[in-house]
Amino acid sequence: MQKKDNPLEQMAHLAGELTEVAIAGQAVGLRLLAAEMQALAHLMPGTVAPGQLASEAEIEADFDNMPV
C-alpha cells in the first residue's frame, strides 16, 4: 500500500479494500450454500440422476415414503 498524504484518500482506499473483502466473503458463502442445496436436493424423494426421467409411479412412491 502506498502512502497517501490526504487522510480522506487513505479512508477511501481502505473502504474500497474492505468492500472487496466483503464481496469475496459473500461469494464464498453463496458457493457453499449452492453446494449444500445441491447435496440436499439429491436426498429428496423424487430426484433422479441427471439424464434420467422418473416415472409418475416412482415419484409417487418416493413421496409416500417421506417422513412427516
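Keep in mind that the numbers below use all heavy atoms, side chains included, and drop hydrogens, waters and symmetry copies. Positions are given from 1, in the same order as the sequence printed here.
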Please round to the nearest 0.5 Å and tell me the distance separating atom CD of E20 and atom CD of E17.
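Answer rounded to 0.5 Å: 7.0 Å.
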Distance in Å, H13 NE2 paired with L8 CG, rounded so as to fall on 0.5 Å steps
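It comes to 13.5 Å.
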May I ask you to check whether Q38 and H42 show a side-chain donor-acceptor distance below 3.5 Å?
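Note: Q38 and H42 side chains miss the donor-acceptor criterion.
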Please go through M37's hydrophobic cluster and name the other residues, only I, L, V, M, F, W, Y counting, with side-chain heavy atoms under 4.5 Å joining them.
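Its cluster mates, by chain and number, are L33.
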Using a side-chain heavy atom cutoff under 4.5 Å and only I, L, V, M, F, W and Y, what cluster partners does L14 have?
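Besides L14, the cluster holds L18.
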